[in-house]
Amino acid sequence: MPRRKRPARSPVPGLQRRGSRAYYVRTLPRAVSVDRERGDRISKSLEAEWGSEAAVSRAGAVNTLWERGDWPVLRRWAAGEVHVTELVRAVREGDYDRLKRLNADGYLLGRAVEEHLRRTEATRSVRTHEIHRTACEALVAHFGADRPMHTVTTAEAEAFLHA
């Protein structure tokens, strides 16, 4: 009886074939998942043909972010907020801070405020956090949480501060 040939293993963890397309499929660790029982699953097209150089380089970039533990960036990519080519560019250039600024519509004020307040709460005193929260709530009330940060002009920021 002839032995059945096993399919070739992917050169990058998480890289999978679906038809003629390449996908990245993995489950986030329970410690960083919203669903702590099963973990959150990321399953997203790499927008490349299976076996192409683009598929391998894109999967490699996503895997690098996975190994670094850049969970928020991976979630934003899975949600369609950041394009896979931006992940590749940032990893290739070593500019991981770039990924924190990128969004399909630009970096949104509401998200920036949430991240800032989480960092402030974790690293500063309760009083400092209260002061920052008050200022940030006024900022979001004035400009709106869905406002892309790059659209806020210097004049608008000055007017807000003087008001």
Side-chain angles (χ1 to χ4, degrees), residues 1-124 126 129 132-133 136-137 139-140 144-151:
M1 178 176 226
R3 290 177 73 176
R4 199 168 161 192
K5 190 175 180 182
R6 286 179 129 192
R9 291 194 60 149
S10 169
V12 179
L15 178 59
Q16 290 186 4
R17 179 180 190 161
R18 293 203 180 151
S20 64
R21 306 297 288 172
Y23 275 71
Y24 191 83
V25 180
R26 286 184 86 175
T27 302
L28 290 171
R30 288 185 189 149
V32 296
S33 295
V34 174
D35 182 356
R36 302 247 188 221
E37 291 293 317
R38 296 181 314 210
D40 298 330
R41 185 173 171 88
I42 290 178
S43 178
K44 182 144 175 90
S45 170
L46 294 169
E47 300 178 23
E49 292 295 316
W50 176 256
S52 67
E53 186 178 320
V56 174
S57 67
R58 290 173 180 187
V62 175
N63 193 58
T64 298
L65 295 171
W66 186 279
E67 290 174 356
R68 284 176 45 89
D70 286 334
W71 313 120
V73 173
L74 290 170
R75 280 194 185 96
R76 288 176 48 221
W77 169 66
E81 297 176 16
V82 178
H83 196 268
V84 69
T85 56
E86 293 296 335
L87 300 181
V88 172
R89 181 178 299 124
V91 169
R92 181 179 58 237
E93 295 172 2
D95 187 6
Y96 297 102
D97 288 335
R98 170 190 185 91
L99 296 173
K100 295 176 185 173
R101 299 185 301 263
L102 289 173
N103 187 303
D105 299 321
Y107 197 49
L108 303 179
L109 180 63
R111 175 166 287 153
V113 164
E114 288 174 15
E115 291 173 2
H116 170 74
L117 289 176
R118 270 189 260 131
R119 276 192 313 274
T120 303
E121 184 177 28
T123 60
R124 306 293 179 174
V126 173
H129 180 255
H132 283 236
R133 189 183 69 234
C136 288
E137 287 172 356
L139 186 67
V140 169
D146 293 332
R147 175 97 181 248
M149 298 268 298
H150 71 277
T151 65

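Here the structure is a predicted model, which means the values were calculated and not measured.
Between Ala48 and Ala55, the shortest heavy-atom distance links the atoms CB-N, 3.7 Å. Contact record, Trp71 with Trp66: CH2-O, 3.6 Å, taken as the closest heavy-atom pair. Closest approach of Ser20 to Glu49, counting heavy atoms only: O-OE1, 3.0 Å. For the pair Leu46 and Ala59, the tightest heavy-atom approach, listed with the atom from each and the gap, is CD1-CB, 3.7 Å. The heavy-atom pair separating Asp146 from Leu108 by the smallest distance is O-CD2, 3.6 Å. The minimum heavy-atom distance linking Val113 with Cys136 is given by the pair CG1-CB, 3.5 Å.
Distance CG/Leu74 to OH/Tyr24: 7.0 Å, rounded to 0.5 Å. Interatomic distance, Glu114 CD to Leu109 CG, rounded to the nearest 0.5 Å: 10.0 Å. Interatomic distance, CZ of Arg118 versus NE2 of His129, reported as 10.5 Å (0.5 Å rounding). Rounding to the nearest 0.5 angstrom, the gap separating the OG atom in Ser43 from the CD atom in Gln16 is 7.0 Å. With values rounded to the nearest 0.5 angstrom, Leu139 atom CG is found 10.0 Å from Arg147 atom CZ.
Under the 4.5 Å side-chain criterion, counting only non-hydrogen atoms from C-beta, Trp77 is in contact with Ile42. Side chains of Tyr96 and Thr64 form a contact here, defined as non-hydrogen atoms less than 4.5 Å apart. Within the 4.5 Å cutoff, side-chain heavy atoms of Arg18 are placed close to those of Val25. Side-chain atoms of Val82 and Val73, non-hydrogen and from C-beta on, never get closer than 4.5 Å to each other. The side-chain heavy atoms of Asn63 and Leu15, taken from C-beta on, include no pair separated by under 4.5 Å.
Around CZ of Arg124, the count of heavy atoms belonging to other residues, nucleotides or ligands within 6.0 Å does not exceed 12. Around the CD atom of Glu93, the shell of radius 6.0 Å holds more than 12 heavy atoms that belong to other residues, nucleotides or ligands.
Scanning for ring-ring contact (aromatic ring centres under 6.0 Å, His included) contacts around His132 gives His116, with sequence neighbours left out.
Between Arg21 and Tyr23, the side chains place no donor N or O within less than 3.5 Å of an acceptor N or O (distance only, hydrogens not considered).
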Taking it one step at a time, do Arg133 and Glu121 satisfy side-chain contact (heavy atoms from CB on, under 4.5 Å)?
-> CA-CA 9 Å; Arg133 189 183 69 234; Glu121 184 177 28; over 6 Å; no
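In this structure a side-chain-to-backbone donor-acceptor pair under 3.5 Å is present from Arg17 to Gly19.
The existence of a salt bridge linking Glu86 and Arg89 is confirmed by a sub-4.0 Å separation between a basic side-chain nitrogen and an acidic carboxylate oxygen.
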